[in-house]
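Both counts, for ligands and for their atoms, begin at 1 and track the order of listing. Basis for what follows: all heavy atoms, side chains included, without hydrogens, waters or symmetry-related copies. Everything numeric here is computed off the predicted structure, so don't read it as measured data.
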Amino acid sequence: MTEQKRKPEKLTGVKGMNDILPQEAGLWEFFETTVKSLLRSYGYQNIRTPIVEHTQLFTRGIGEVTDIVEKEMYSFTDALNGENLTLRPEGTAAAVRASIEHNMLYDGPKRLWYIGPMFRHERPQRGRYRQFHQVGVEALGFAGPDADAEIILMCQRLWDDLGLTGIKLEINSLGVAEERAAHRVELIKYLEQHVDLLDEDGKRRLYTNPLRVLDTKNPALQEIADKAPKLIDFLGEASLAHFEGLQRILKSNNIPFKINPRLVRGLDYYNLTVFEWVTDKLGAQGTVAAGGRYDPLIEQLGGKPTAACGWAMGIERILELLKEEDLVPEEDGCDVYVVHQGDAAREQAFIVAERLRDTGLDVILHCSADGQSASFKSQMKRADASGAAFAVVLGEDEVAKGEAGVKALRGTAAEARSEQQTVALEDLTEYLINAMVASAEDGDD
Ligand code: ATP
Ligand code: MG
């Protein structure tokens, strides 16, 4: 009897954690390039912290009674040394931890930015994943409303640079601790009068984090939340002046905004300014960026009291918007695809490809799937499919004569010269560069 070979089981990725495949990667790179150049233009510096932190950083930094700490963190015990660790659910706590740990704030304020994956155990759905990506900024050491305004203006400029329209700004002020405490008393009194109508979340938060009841998404609770005592009515003079200062700068820079008294943000560390950028084009997950001021956090994490504000942006949601609005930039193929046949030609092809790369051209060198030399016809098919602008053809004859064939594969250059040209190997680089420049100019017309 022949032994039956068992096929190994197929493996899949973790639910809610997505692969970004090559056909999507171009869009990610477009976003990353755009956002990095924007961040540079405002003088922000990149900080890169580990994916894993001590769990305590988040329980202390984000707050015990938040969605993240209550139910969304990927926490585990290091099997080797028993440490309690967590995959970072957001970027602010770690950026602040690193700033304190490395004494970064001793010589004055810092403007920082980060980008990377974050992890939250949520129910996966459109715009909500378990591994998702954020880019964020933290302006550390600036107490006035000009820093709040600056980080908001940056977002507007990013939307403009990306070509996105219809992302709306909502702002609110959470005041300072004493103002929130006074409001909390009234809010709890009010919610107690309606306790029968609250949902499970609302009842749970009534005494632990009643402010969060205000940003409920439950349609049945909208009226209760709308009529609840507003924090803004409890603000003192200083908080109001800060809030008005921000609004003045926004107005003088023509940034439209709406004051949303129910905007409270999920994390505990916010005070004074909070804001969100919201679109109605993404269904339920319409907040693309969110942030505000978190003056108490640095001291809470063991640093010297230092004012701070920042925002975080959900990259998946922005990319979804770019697709939704048909703003995905066209992908360029590489510049040159080198086809070759025969041993001598293959050797020459490597040299030619490296020389072209020396000049800055992007080059794919044909490599067969089975290790055998493929026909020119099938290699040319590959060249075409690669999206390259030009094919360079090296056969035994060409190599013997010190020549190469060049064929334009794309655009106007291809129409004008669909015939293969013969070019001396020593002139090849110059010829291709000139041809690239010419076809780019044609394309501009
Ligand atoms: P929500 O109320 O939607 O849960 P949040 O208050 O938890 O949002 P933040 O912690 O402020 O969100 O994160 C900032 C941004 O990161 C959000 O506005 C969103 O664009 C994005 N984001 C947050 N969680 C996720 C997720 N699970 N998947 C994809 N993007 C996310
Ligand atoms: Mg959340």
Side-chain angles (χ1 to χ4, degrees), residues 14-20 24 28 31 35 57-58 61-63 65-74 86-96 113-138 151-152 154-155 158-159 162 164 167-172 174 201 205 209 211-218 221 225 260 262-270 273-294 297 309-324:
V14 177
K15 190 174 171 202
M17 306 202 179
N18 301 317
D19 298 309
I20 297 162
E24 282 245 14
W28 283 77
F31 174 79
V35 78
L57 172 67
F58 302 116
I62 298 174
V65 196
T66 55
D67 283 350
I68 292 182
V69 173
E70 276 180 343
K71 54 189 186 202
E72 295 174 357
M73 294 208 298
Y74 280 94
T86 294
L87 301 185
R88 63 179 187 195
E90 55 93 51
T92 301
V96 166
W113 68 271
Y114 60 82
I115 191 165
M118 305 294 162
F119 302 85
R120 297 184 194 176
H121 197 106
E122 307 204 61
R123 193 170 64 77
Q125 52 194 290
R126 182 185 183 200
R128 200 175 280 290
Y129 311 102
R130 291 180 174 174
Q131 174 174 322
F132 63 102
H133 297 76
Q134 286 183 337
V135 58
V137 302
E138 317 293 352
I151 62 172
I152 290 176
M154 291 167 84
C155 294
L158 181 62
W159 314 144
L162 293 169
L164 289 171
I167 306 181
K168 299 205 171 83
L169 174 63
E170 298 187 357
I171 62 174
N172 191 22
L174 301 183
D201 268 345
R205 288 174 176 150
N209 196 348
L211 210 49
R212 283 304 308 276
V213 180
L214 297 184
D215 77 344
T216 177
K217 294 186 176 111
N218 184 344
L221 292 182
N260 174 0
R262 282 178 48 194
L263 183 61
V264 299
R265 307 290 308 117
L267 315 186
D268 254 7
Y269 50 57
Y270 285 101
T273 309
V274 289
F275 61 86
E276 289 191 356
W277 288 93
V278 190
T279 170
D280 54 15
K281 291 178 188 151
L282 292 178
Q285 317 316 328
T287 305
V288 292
R293 193 158 269 289
Y294 50 91
L297 181 66
C309 62
W311 51 250
M313 192 176 287
I315 301 179
E316 280 83 355
R317 293 186 192 177
I318 305 279
L319 301 192
E320 186 74 20
L321 257 190
L322 286 169
K323 288 190 236 169
E324 195 77 23

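Residue contacts with ligand 1 for Arg130 are absent, since no atom lies close enough (heavy atoms, distance under 4.0 Å).
The Arg120 neighbourhood of ligand 1 comprises atoms 5 (P), 7 (O), 9 (P), 10 (O), 12 (O), 13 (O), 23 (C), 24 (N), with distances under 4.0 Å to a heavy atom of that residue. The distance from ligand 1 to the heavy atoms of Lys217 drops below 4.0 Å at these ligand atoms: 2 (O). Near Ala290, meaning under 4.0 Å from any of its heavy atoms, are these atoms of ligand 1: 11 (O). Within ligand 1, counting atoms from 1 as listed, the ones closer than 4.0 Å to a heavy atom of Gly314 are 15 (C), 16 (O), 20 (O), 21 (C). Per-residue contacts place Gly127 under 4.0 angstrom from the following atoms of ligand 1 (heavy atoms of the residue considered): 28 (N), 29 (C), 30 (N). Residue-ligand proximity, Val288 to ligand 1, at heavy-atom distances under 4.0 Å covers atoms 20 (O).
A salt bridge between Glu122 and Arg128 is present, with a side-chain N of the basic residue lying under 4.0 Å from a carboxylate O of the acidic one. With respect to the salt-bridge test (charged N to carboxylate O, under 4.0 angstrom), the residues Arg262 and Glu170 do not qualify. Taking a cutoff of 4.0 Å between a charged side-chain nitrogen and a carboxylate oxygen, Asp67 and Arg212 qualify as a salt bridge.
Taking the side chain to side chain contact (heavy atoms under 4.5 Å, CB included) definition, one finds that Phe132 meets it with Met118, Arg120, Tyr129, Gln134, Glu316, sequence neighbours left out. For Thr287, the side-chain hydrogen bond (donor to acceptor under 3.5 Å, both in side chains) partners at least two apart in sequence or on another chain are Glu276.
Between Glu316 and ligand 1, not a single N/O pair is under 3.5 Å apart.
Listed for the Arg130 side chain is no donor-acceptor partner under 3.5 Å among the backbone atoms of Met17. In terms of modelled atom types and a separation under 3.5 Å, the side chain of Glu138 and the main chain of Gly136 share no donor-acceptor contact.
Ligand 1 lies within reach of Arg128, whose nearest heavy atom is under 4.0 Å from it.
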